[in-house]
Asks: 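Quick one: structure below, then a few questions.
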Number of protein chains: 6
Amino acid sequence: MRPAGRAVHALRPLTMEVGYTRHAEGSVLIRAGDTHVLCNASILEKVPPFLKGKGQGWVTAEYGMLPRSTHTRSDREAARGKQSGRTQEIQRLIGRSLRAVFDLSALGERSLQLDCDVLQADGGTRCASITGAWVAAAIAVQGLMERGVLSSNPILDQVAAVSVGLVNGTAVLDLDYEEDAGCGADMNIVMTGAGQFVEVQGTAEGQTFDRAQLNTLLQLAEGGITQLLALQKQALGQ
Amino acid sequence: MRPAGRAVHALRPLTMEVGYTRHAEGSVLIRAGDTHVLCNASILEKVPPFLKGKGQGWVTAEYGMLPRSTHTRSDREAARGKQSGRTQEIQRLIGRSLRAVFDLSALGERSLQLDCDVLQADGGTRCASITGAWVAAAIAVQGLMERGVLSSNPILDQVAAVSVGLVNGTAVLDLDYEEDAGCGADMNIVMTGAGQFVEVQGTAEGQTFDRAQLNTLLQLAEGGITQLLALQKQALGQ
Amino acid sequence: MRPAGRAVHALRPLTMEVGYTRHAEGSVLIRAGDTHVLCNASILEKVPPFLKGKGQGWVTAEYGMLPRSTHTRSDREAARGKQSGRTQEIQRLIGRSLRAVFDLSALGERSLQLDCDVLQADGGTRCASITGAWVAAAIAVQGLMERGVLSSNPILDQVAAVSVGLVNGTAVLDLDYEEDAGCGADMNIVMTGAGQFVEVQGTAEGQTFDRAQLNTLLQLAEGGITQLLALQKQALGQ
Amino acid sequence: MRPAGRAVHALRPLTMEVGYTRHAEGSVLIRAGDTHVLCNASILEKVPPFLKGKGQGWVTAEYGMLPRSTHTRSDREAARGKQSGRTQEIQRLIGRSLRAVFDLSALGERSLQLDCDVLQADGGTRCASITGAWVAAAIAVQGLMERGVLSSNPILDQVAAVSVGLVNGTAVLDLDYEEDAGCGADMNIVMTGAGQFVEVQGTAEGQTFDRAQLNTLLQLAEGGITQLLALQKQALGQ
Amino acid sequence: MRPAGRAVHALRPLTMEVGYTRHAEGSVLIRAGDTHVLCNASILEKVPPFLKGKGQGWVTAEYGMLPRSTHTRSDREAARGKQSGRTQEIQRLIGRSLRAVFDLSALGERSLQLDCDVLQADGGTRCASITGAWVAAAIAVQGLMERGVLSSNPILDQVAAVSVGLVNGTAVLDLDYEEDAGCGADMNIVMTGAGQFVEVQGTAEGQTFDRAQLNTLLQLAEGGITQLLALQKQALGQ
Amino acid sequence: MRPAGRAVHALRPLTMEVGYTRHAEGSVLIRAGDTHVLCNASILEKVPPFLKGKGQGWVTAEYGMLPRSTHTRSDREAARGKQSGRTQEIQRLIGRSLRAVFDLSALGERSLQLDCDVLQADGGTRCASITGAWVAAAIAVQGLMERGVLSSNPILDQVAAVSVGLVNGTAVLDLDYEEDAGCGADMNIVMTGAGQFVEVQGTAEGQTFDRAQLNTLLQLAEGGITQLLALQKQALGQ
């Protein structure tokens with residue numbers, strides 16, 4: 001049995017509160033069970049040096065966990081003076097995932113900066129970040145279009161992410177922290193609204209897996225992504 | 001006239017939501033108008049090196065602003081690789097303010113670590129941090145007492161903070177960002193439940209001030225602190 | 001047509017020169033086409049702090065590229081003062097991959113430190129690092145067993161890695177730099193001697209992919225891994 | 001009784017040696033008892049990025065302690081790789097204090113950089129830094145005027161600083177290290193030649209204070225500042 | 001007796017393999033006994049800020065040791081986040097030595113960047129770096145001339161380096177690690193093809209030395225340099 | 001003609017003021033012309049990790065320049081967050097030079113830490129640092145002996161340093177900044193009281209030199225060192 005009697009193919013209760021903070025061009029507090037991530041999208045009228053004068057924009061992300069978002073307190077990265085390898089890996093993943101559904105030329109020479117900050121962690125923070133960041137990005141882009149800054153929508157499709165894993169040999173969807181800590185292998189799957197893969201990251205943690213197990217996990221993920229895509233639309237009032 | 005027609009001696013609407021996150025031993029989301037700070041208190045069963053074996057505890061604080069808590073996006077300190085001078089100044093102030101009302105011997109050889117993270121900023125973040133951190137600390141200490149870890153309460157008194165300043169020559173209480181940016185002189189006042197001063201930090205920003213103005217500002221602050229102390233008690237259900 | 005007329009399912013010419021340097025407990029220069037990585041394994045009689053006194057060992061890796069291993073010179077990370085996110089991501093991957101085939105208890109309280117330094121880069125450096133590092137590790141462990149330090153072999157299986165990708169819609173094995181730069185989607189696959197997956201990391205770079213394409217890529221990777229496993233045995237003289 | 005039989009309202013013997021080093025545009029070695037601070041003022045023909053093209057100048061400060069200025073040796077900040085929170089707090093205070101008496105437009109697009117380096121410390125280093133830095137600044141500005149670079153004096157008034165504190169319940173002026181270490185509450189007061197407050201920084205260290213005590217301390221500080229302002233004029237030969 | 005029965009005035013067997021890596025404009029693997037250093041020369045079409053617009057070029061060097069080039073593993077400087085004092089000292093020496101034989105005006109506004117990376121260390125790595133770097137530089141410059149980028153050769157002379165030292169009171173040439181560790185005094189001598197000194201760096205390590213000993217060491221070095229100059233020409237096929 | 005009509009073999013006027021600061025166990029302000037260096041010696045009752053439990057002591061040095069010790073202001077290394085290569089090179093040289101005349105076993109398990117801080121620079125700061133540091137060290141050691149902490153003197157001999165160089169082809173002693181900037185080759189020579197060499201560091205800066213020139217420079221240095229050794233004794237009142 002999973003915690004709270006959840007079915008193997010069930011997502012945790014998920015809500016997305018848009019407009020959670022007021023300064024960001026797009027702001028969403030995504031809550032996936034006890035994992036709460038604040039996703040803020042900022043429009044910056046500049047691009048990184050390598051894109052200057054190329055007539056296209058950029059989408060990038062930063063990720064952080066509040067020190068006491070975790071069960072026991074973690075060090076504050078700003079105080080330690082550097083971001084961990086895990087943090088950098090996650091923020092690179094978020095940025096790549098979002099760029100996969102953006103037409104950077106249609107964005108013009110400006111940047112969309114996504115800040116995903118974990119207020120409370122209970123597993124699956126990188127997937128919640130991607131799912132929430134897309135909604136925040138959509139709101140920010142909508143603002144640019146309403147103000148007439150952009151004439152065509154640079155967002156080509158939705159993108160969302162979910163985790164799957166083998167817990168005691170059983171494939172389950174959307175692992176919480178306890179399941180994640182005890183699981184043999186876990187995957188983070190990022191997919192588009194059209195059902196295409198953007199990222200497939202599977203890692204054996206103590207237990208390697210074969211092709212059949214991989215297929216089961218992918219199947220489970222596809223089911224979860226379908227639900228997330230619907231929840232994203234709902235959050236945007238579509 | 002002040003923004004939203006506020007009286008010169010009126011605080012902004014202030015709420016403190018206890019238990020905002022679930023892992024911290026004490027967690028409070030303080031909202032002072034549009035300034036929102038998440039204050040988490042952690043109990044760590046260790047003390048800094050300079051206190052090892054001395055039979056007393058420690059209380060300290062860290063402070064941070066989410067990159068898009070501000071009107072325009074600020075750099076992430078973890079990404080830049082260091083905390084700004086302003087951040088360090090503020091977290092040192094929070095720590096000193098809390099320690100002023102603690103009996104560190106009664107705490108035993110453990111640390112109370114306060115994390116004040118600004119989710120949304122509109123002026124007065126350091127004062128909100130102190131006021132909220134005291135409530136988070138009180139909850140964490142209460143937990144230690146209920147579990148029988150501590151037999152006597154190491155918290156000797158309340159502590160709260162408020163800003164005052166001269167805006168166009170008029171003394172006003174609890175400045176928001178717009179008032180703060182335009183004010184000639186501002187002060188942050190930290191006081192105890194007994195009405196004693198813990199910190200008095202006045203700074204001329206463009207306009208120096210005389211003894212009479214200083215007295216007016218202190219008077220105004222005392223009124224504000226009185227209200228904050230009552231709100232703290234209320235948040236704790238007392 | 002692929003560069004040098006290579007077949008889609010063909011590895012680049014691959015050699016592993018054991019004993020390339022003399023101080024390391026295990027040393028292998030792996031050359032996969034024009035990608036040359038020096039893999040050195042060091043035995044350290046200590047473990048990281050979190051493992052002290054737990055009666056088990058640790059396997060970890062560090063990765064670096066010489067500044068002029070690349071087509072145009074890259075900054076030296078030691079001079080810049082930090083490792084890039086990409087470097088950290090790769091060295092974490094190498095470490096996890098090796099640990100997946102180690103019985104850390106059988107290693108005793110010591111560390112196996114793998115250093116993978118790219119002397120010349122032409123795509124696929126992380127995969128070559130994993131494949132070569134396993135051979136370097138096997139030599140180092142063999143030394144411990146010959147000297148009677150270890151009585152049972154802590155290495156449970158082989159591990160090797162290969163890249164696959166979609167170039168102009170065609171699935172190809174073991175991409176060189178030019179193919180990698182132009183490919184729509186690429187994957188790095190890490191597998192054991194028993195044919196189990198350790199890591200599956202697929203990324204859409206400009207072009208998302210569907211389930212059928214994913215299956216084709218996995219199939220191709222399995223073929224490549226089989227050849228790599230045989231070459232590892234051969235390098236060890238088995 | 002205070003050390004050396006000093007009266008509660010007496011400053012320590014204070015001298016300011018102008019022209020202590022020869023390269024700086026203004027150079028003063030201030031000695032307040034055993035606290036010796038070298039204050040050098042440099043004129044730089046550039047402004048920080050945020051002021052470029054705005055037709056005004058900037059005044060800023062840096063502060064440091066030589067490792068063996070203190071009773072026991074402190075780490076060298078350059079070797080540790082960062083400035084402490086205390087250092088940053090102090091140099092920000094010095095900069096703000098000086099700017100309070102400057103007409104930055106009259107300075108033109110150039111910077112006045114103040115370096116306050118403590119050669120020997122015995123309490124009150126930040127106050128001595130401010131008092132000495134103003135004299136160094138005045139000399140540097142005088143040079144600009146004599147050379148005809150500036151036509152009107154950008155310095156609007158004097159500024160000086162002194163510490164006061166409660167030692168065993170008694171309010172005393174200009175604390176040395178021993179008094180500072182043992183005091184219950186201390187304040188650093190920065191005032192202009194016109195008797196206006198620039199900074200009022202009071203901190204309870206172990207003992208909170210009330211309004212009456214605050215008033216006594218401010219009174220004492222005003223007396224000290226009056227003497228310092230006269231000594232500054234004397235150092236400038238006025 | 002020296003290790004391997006070497007005569008006091010004999011160099012270790014020395015080879016220089018040109019074209020060791022393919023991307024660098026000049027690439028040489030120099031092997032002096034068991035000391036192996038990869039010297040890569042890169043042509044960069046830019047100069048440091050202090051030379052911009054001055055119509056001249058720059059020659060500079062960076063140096064590094066692979067973590068397991070040494071008998072016991074050394075920390076990776078990129079992971080520690082800074083280069084050691086020793087590393088910086090050596091790379092400054094290599095840069096100065098090369099610049100001594102360059103006509104920087106004849107190089108045009110471009111930089112020659114030398115990367116000396118020690119693959120295996122057995123004493124004398126800085127001398128091998130200089131000797132090998134000159135050959136790599138000569139190849140890179142030859143390329144510029146063949147492509148018609150440069151019309152006159154900016155390299156005015158050869159430069160090579162060798163170590164000498166007093167081992168148990170005897171002056172010996174080209175010390176290996178064991179001799180270096182046990183020697184009383186050692187010197188690194190850098191000389192030009194014309195027999196002029198570029199650098200003379202002698203250090204007493206446990207045993208000071210007199211003028212006569214200094215003369216003997218210089219004599220020995222001159223003999224070694226003569227052989228190195230011939231080997232450099234041979235490596236270039238002259 | 002040299003500046004101020006100085007003879008080629010003449011030192012600049014040199015004074016050493018002992019007891020310049022009061023907290024250090026040994027404190028000397030050395031003034032060599034317009035080069036002023038404060039040399040403080042601290043006795044620390046601890047040794048670096050690599051010497052723990054070995055029954056011997058350590059002597060080490062740190063060096064720094066105040067930002068405005070130079071003709072134009074240099075960046076503060078503490079603010080930049082790292083020491084330059086030049087700074088590290090110099091402090092390593094000072095440490096080695098002092099250790100050359102110390103019996104580290106006779107010092108016991110404690111460290112002598114030398115801090116050489118340049119208050120004003122006009123060339124030759126590293127040589128002045130060594131010459132002054134030895135006097136500061138001698139005073140600190142004398143204190144240990146007077147207090148009975150040490151029974152035998154760990155200082156075996158004097159050590160002093162001077163620069164020499166070729167200015168327009170003429171060999172001159174003790175170069176000031178202007179001469180140093182314009183010289184073709186310069187050397188820093190460190191010698192003991194017994195006339196032995198400790199360090200010989202010659203560098204061609206724009207002009208290489210031959211054996212005869214080297215001999216002339218060494219001769220000149222020996223004359224300068226003889227004078228410095230006498231001045232050291234005088235400063236100690238011997």
Side-chain angles (χ1 to χ4, degrees), chain E residues 60-63 81-104 156-159 166 184-215 217-219 221-222, chain F residues 60-63 81-104 156-159 166 184-215 217-219 221-222:
Chain E
T60 187
E62 287 184 1
Y63 168 94
K82 60 178 204 172
Q83 294 179 299
S84 70
R86 176 185 173 276
T87 290
Q88 291 188 62
E89 203 168 304
I90 292 175
Q91 65 194 13
R92 282 157 55 89
L93 171 66
I94 301 170
R96 280 200 312 273
S97 297
L98 269 285
R99 284 193 298 275
V101 295
F102 258 80
D103 174 352
L104 295 173
L156 306 172
D157 200 351
Q158 288 176 257
V159 70
L166 295 170
D186 83 310
M187 299 188 79
N188 293 294
I189 307 291
V190 186
M191 295 181 77
T192 65
Q196 295 279 105
F197 291 105
V198 173
E199 294 270 341
V200 175
Q201 300 206 333
T203 296
E205 300 191 351
Q207 182 196 339
T208 56
F209 51 96
D210 63 21
R211 192 71 175 276
Q213 287 169 314
L214 175 57
N215 284 336
L217 290 170
L218 291 172
Q219 196 77 27
E222 285 171 352
Chain F
T60 188
E62 287 184 1
Y63 168 93
K82 62 178 201 172
Q83 294 178 299
S84 71
R86 177 186 172 275
T87 291
Q88 291 188 64
E89 204 168 302
I90 292 175
Q91 64 193 12
R92 282 157 56 89
L93 171 66
I94 301 170
R96 281 201 312 274
S97 297
L98 269 286
R99 285 194 296 276
V101 295
F102 258 81
D103 174 353
L104 295 173
L156 306 172
D157 201 349
Q158 288 174 256
V159 70
L166 294 170
D186 82 311
M187 299 190 79
N188 294 293
I189 307 291
V190 186
M191 296 182 77
T192 64
Q196 295 280 104
F197 291 105
V198 173
E199 295 270 341
V200 175
Q201 300 206 334
T203 296
E205 299 191 351
Q207 181 196 340
T208 55
F209 51 96
D210 63 21
R211 193 68 176 278
Q213 288 169 313
L214 175 56
N215 283 336
L217 290 170
L218 291 171
Q219 197 75 27
E222 285 171 353

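In what follows, chains carry the letters A, B, and so on, assigned in the order in which the sequence lines appear, proteins first and then strands, with residues in each chain numbered from 1.
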Asks: Between F:Glu222 and chain E, with a heavy-atom cut-off of 4.5 Å, which part of the residue counts as in contact: side chain, backbone, both or neither?
Replies: side chain

Asks: Highest number of heavy-atom pairs under 4.5 Å with chain E: which of F:Glu199, F:Arg211, F:Gln83, F:Met191?
Replies: F:Arg211

Asks: How many angstroms lie between atom CZ of F:Arg96 and atom CD of E:Glu205, to the nearest 0.5 angstrom?
Replies: 7.5 Å

Asks: Got a second to check how far E:Asn215's CG is from F:Leu218's CG, nearest 0.5 Å?
Replies: 8.0 Å

Asks: Just so I understand: if I count every heavy-atom pair under 4.5 Å between each of F:Gly202, F:Ala100, F:Gly85, F:Ala204 and chain E, which residue has the most?
Replies: F:Gly202

Asks: Tell me, for F:Leu93 versus chain E, whether the close heavy atoms (under 4.5 Å) come from the side chain, the backbone, both or neither.
Replies: neither

Asks: Please flag which part of F:Thr203 lies under 4.5 Å from any non-hydrogen atom of chain E: side chain, backbone, both or neither.
Replies: both

Asks: Minimum heavy-atom separation for F:Phe197 and E:Leu214, please, with both atom names.
Replies: CE1-CD2, 3.9 Å

Asks: If you count heavy-atom pairs under 4.5 Å with chain F, which of E:Lys82, E:Gln88, E:Arg92 comes out on top?
Replies: E:Arg92

Asks: Restricting to non-hydrogen atoms, name the atom on F:Phe209 and the atom on E:Val198 that form the minimum distance, rounded to 0.1 Å.
Replies: CE2-O, 4.2 Å

Asks: With chain F, which of E:Glu89, E:Gln201, E:Gln207 has the greatest number of heavy-atom pairs at distances under 4.5 Å?
Replies: E:Glu89

Asks: Need one label for F:Asp157: side chain, backbone, both or neither, based on atoms under 4.5 Å from any heavy atom in chain E.
Replies: neither

Asks: Using heavy-atom distances under 4.5 Å, tell me whether F:Ser84 contacts chain E through its side chain, its backbone, both, or neither.
Replies: backbone

Asks: So which part of F:Arg86 gets closer than 4.5 Å to some heavy atom of chain E, the side chain, the backbone, both or neither?
Replies: both

